[in-house]
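Worth knowing before you read on, the calculation uses all heavy atoms, side chains too, and leaves out hydrogens, waters and symmetry mates. Reminder, nothing fancy here: chain letters follow the sequence lines and each chain counts from 1. These numbers come from a predicted model, not from an experiment.
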Amino acid sequence: MHLSLILLEVKMAENSEQYEDSSLYRIRHSASHIMAQAVLEKFPEAKIAIGPAIEDGFYYDFDLPRPLTSEDLESIEKRMRSIIQSKVDFVRKEVSAEEAKKIFHDQPYKLELIAGLEEGNVDEDGNPVDEKPEISIYSQGGFVDLCRGPHVANSAEINPQAIKLLSVAGAYWRGDEKRPMLQRIYGTAWNKPDELKEYLWRIEEAKKRDHRKLGQELDLFSVADEIGAGLILWHPKGGKIRKIIENFWSEEHEANGYEFVYTPHIGKSKLWETSGHLGYYKENMYSPVDIEGQQYFLKPMNCPFHIHIYKSSLRSYREFPLRYAEEGTVYRFERSGVLHGLMRVRGFTQDDAHHFCRPDQMPEEIDFVLNFSLHILRSFGFHDIQAYLSTKPEKSVGEPERWLAAEAALEESLKRTNITYKVDQGGGAFYGPKIDLKVKDALGREWQLTTIQFDFTLPDRFDLTFIGEDGQPHRPYMIHRALLGSMERFFGVLIEYYAGAFPVWLSPIQAVLIPIADRHVNYAKEVAATLRQSKLRVMVDDRSERMNAKIRDAQKQKIPYMLVIGDKEAENHQVALRLRNGENLGPISIAAFIDRATEDIKQKI
RNA sequence: GCCGACGUAGCUCAAUCGGCAGAGCAACCGCCUUGUAAGUGGUAGGUUAUGGGUUCGAUUCCCAUCGUCGGCUCCA
């Protein structure tokens with residue numbers, strides 16, 4: 001709920017209205033129809049569902065007599081090319097509901113869509129619409145589909161060498177897990193073969209950056225079957241990075257008016273009843289443990305504990321704003337199929353904070369937390385940051401005017417902060433609107449990190465008060481915020497963002513000393529000791545290996561500095577500096593290297 | 001949880017039709033003493049995820065469980 005587990009967002013930002021008008025959209029949508037034609041030729045008994053263009057491609061859902069194999073995909077793709085090359089026309093025709101039902105009499109999913117169109121509340125993709133739409137069909141090469149379009153006029157507009165089928169996956173009809181599971185074929189289509197190639201390269205590049213792969217290669221973390229799914233083991237190198245992040249985090253928080261609190265991992269059932277978790281969040285909580293006849297629950301969130309710290313004494317407006325921060329470890333039940341490396345886990349540590357203040361202080365407090373968040377994110381090298389303002393959802397608590405005021409406060413703060421933002425209408429939590437911050441990486445992928453959320457319910461539920469200037473009790477305002485999100489997820493994002501080549505200040509090993517021959521090892525150890533005195537994290541590769549092998553290994557470990565040491569360096573009290581980008585900077589004095597490294601660390605590059 | 005694919009040495013992967021479980025890298029022990037991305041020889045490493053079943057015989061076929069991957073759903 002409040003600091004809800006943050007999503008892995010890999011969607012590229014786009015303007016969907018422009019996209020739907022583009023020729024690329026028509027190409028993809030038409031490719032989807034051609035795919036459906038090919039599938040129906042192969043499986044005449046297939047039932048077709050829906051097949052829209054999506055970002056970077058298209059899909060189509062089918063109800064098929066048997067599971068598809070990769071060989072099927074190849075043959076379907078081949079057939080698609082030949083259909084495209086036969087230059088079929090796409091013909092649009094408006095039909096009555098009666099006619100449509102006749103055409104699709106043996107296609108139950110289409111009939112359901114037609115019924116929806118007739119009632120006028122959903123379109124042919126099953127999305128809700130206001131107006132009663134016209135029913136149109138598109139046909140090409142003997143294949144007819146219920147479709148709003150638009151499409152290409154002729155398949156000649158599609159380059160057969162710029163399409164590719166990617167994968168087959170299960171998908172529920174209408175996205176409803178109670179309805180039949182269909183087979184979805186994903187494909188991609190582009191204007192030119194080069195663009196397809198570029199897209200496939202991007203997929204490959206993303207695979208190389210996969211934090212699960214790098215986590216193993218760089219020995220950062222693991223999960224063990226014997227321990228349990230979604231439970232992370234931080235190895236020494238990953239732990240080192242986490243420690244550096246936490247130290248930085250603590251210093252920055254301390255310098256910005258936060259106070260640190262520590263709270264237990266379990267709490268009585270009554271606490272979770274009061275907070276509303278047992279009412280609203282139970283399916284994400286683990287079974288209780290019985291302690292002397294009392295039920296205790298593992299915490300899925302930290303807020304009730306922070307609130308009790310607030311309640312531990314009478315609060316005055318003079319204390320405000322109160323900022324409680326904690327790296328709080330929480331446990332949430334996640335269904336087995338959704339677990340994903342560090343991004344979606346069952347136990348994780350949130351860099352959580354709760355702010356309490358007077359209503360009139362709220363605008364300033366939001367400004368503060370926004371600016372603070374941006375400052376921290378930028379410190380980690382994230383500069384392409386996009387904000388999302390999520391407003392009142394249909395199901396919500398709190399008076400509408402409070403919502404409007406809170407939304408306005410958030411929006412004004414975004415404007416004052418001068419950050420570009422998008423509005424996610426109805427995307428807020430049920431208890432209050434929120435601002436999310438997402439960062440974009442080199443591949444154009446967006447990752448959600450920070451979430452800043454208003455809360456209308458907990459201060460009421462726990463009956464929080466403060467004594468105002470008037471000597472009367474008042475209800476404080478409260479915001480939840482997770483800045484990095486969770487340590488696990490943040491680490492995963494860091495790994496993918498930097499492809500494992502962390503900035504020097506975060507690198508678990510900053511420099512490796514590479515003695516060329518055994519006779520240089522002693523000097524290398526002396527240099528290492530000197531560097532350690534300057535707080536640099538270094539190791540000596542004293543294996544009886546060739547220099548080339550040591551360099552190769554250091555490269556693969558993405559260590560920022562390689563310091564090669566041979567006769568010349570030992571003689572001149574130098575090191576030969578090589579960077580992980582392959583640049584060989586030649587011999588420099590130890591002092592010069594320390595200067596360079598400490599400056600890089602200071603600049604956080 | 002659902003659909004599909006998958007699980008063999010620390011890692012990456014072989015193993016014909018059901019017939020002695022193998023390689024490279026890493027590790028360990030040597031030799032080489034190296035100048036900017038892999039020097040070389042040897043040794044060791046396995047209850048083939050787990051538990052059942054079929055079979056003279058199972059890494060291989062079947063069932064269940066656990067886990068991983070791609071999606072869906074979920075992430076009030």
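For the C1' atoms, the distance linking C20(B) with G52(B) amounts to 26 Å, nearest Å. Using C1' as the reference atom, C31(B) and A15(B) are 34 Å apart when rounded to the nearest Å.
Proximity of Arg179(A) to the phosphate of U73(B): no side-chain N or O atom is located under 4.0 Å from OP1 or OP2. Phosphate contact (OP1/OP2 of G70(B), side-chain N/O of Arg212(A), threshold under 4.0 Å): present. At U12(B), one or more side-chain N or O atoms of Gln216(A) fall inside 4.0 Å of OP1 or OP2 (strictly under the cut-off). In this structure, Tyr59(A) does not reach the G71(B) phosphate: none of its side-chain N or O atoms is under 4.0 Å from OP1 or OP2.
The closest side-chain donor-acceptor pair between Asp600(A) and Tyr561(A) falls under 3.5 angstrom.
Side chain Glu569(A) to base G35(B): a donor-acceptor pair is found below 3.5 Å. Contact annotation: side chain of Tyr172(A) to base of G1(B), donor-acceptor pair present below 3.5 Å. Side-chain to base pairing of Arg332(A) with C74(B): no donor and acceptor N or O lie closer than 3.5 Å to each other. A donor-acceptor contact under 3.5 Å is not formed by the side chain of Arg546(A) with the base of A37(B).
Annotation: His265(A), atom NE2; neighbour count of heavy atoms from other residues, nucleotides and ligands within 6.0 Å is above 12. Sparse packing is recorded around NZ of Lys268(A), with 12 or fewer heavy atoms of other residues, nucleotides or ligands lying under 6.0 Å away.
Using a 4.0 Å heavy-atom criterion, one finds that Ala517(A) contacts the bases of the nucleic acid, with or without backbone contacts as well. Among the heavy atoms of the strands, none lies under 4.0 Å from Lys550(A). Heavy atoms of Arg184(A) sit under 4.0 angstrom from primed sugar atoms or phosphate atoms, though from no base atom. Among the heavy atoms of the strands lying under 4.0 Å from Asp567(A) is at least one base atom, whether or not backbone atoms are also near.
The side chain of Pro67(A) lies closest to G4(B) when the candidates are G1(B), G4(B), A37(B). Relative to the side chain of Asn548(A), the nucleotides C74(B), A37(B), U68(B) differ in distance, and A37(B) lies closest. In this structure, the nucleotide among A27(B), G1(B), G35(B) sitting nearest to the side chain of Val338(A) is G1(B). Nearest nucleotide to the Gln555(A) side chain, out of G70(B), U40(B), A37(B): A37(B). The side chain of Ala549(A) sits closest to G39(B) out of U33(B), G39(B), U68(B).
A salt bridge links Lys207(A) with Glu204(A): the closest approach of a Lys/Arg side-chain nitrogen to an acidic carboxylate oxygen falls below 4.0 angstrom.
The six-membered or imidazole ring of Tyr25(A) lies near that of Tyr19(A), with a centre-to-centre distance under 6.0 Å.
Nearer the 5' end of RNA chain B, as judged by each residue's closest nucleotide, is the contact made by Met181(A), out of Met181(A) and Gly566(A).
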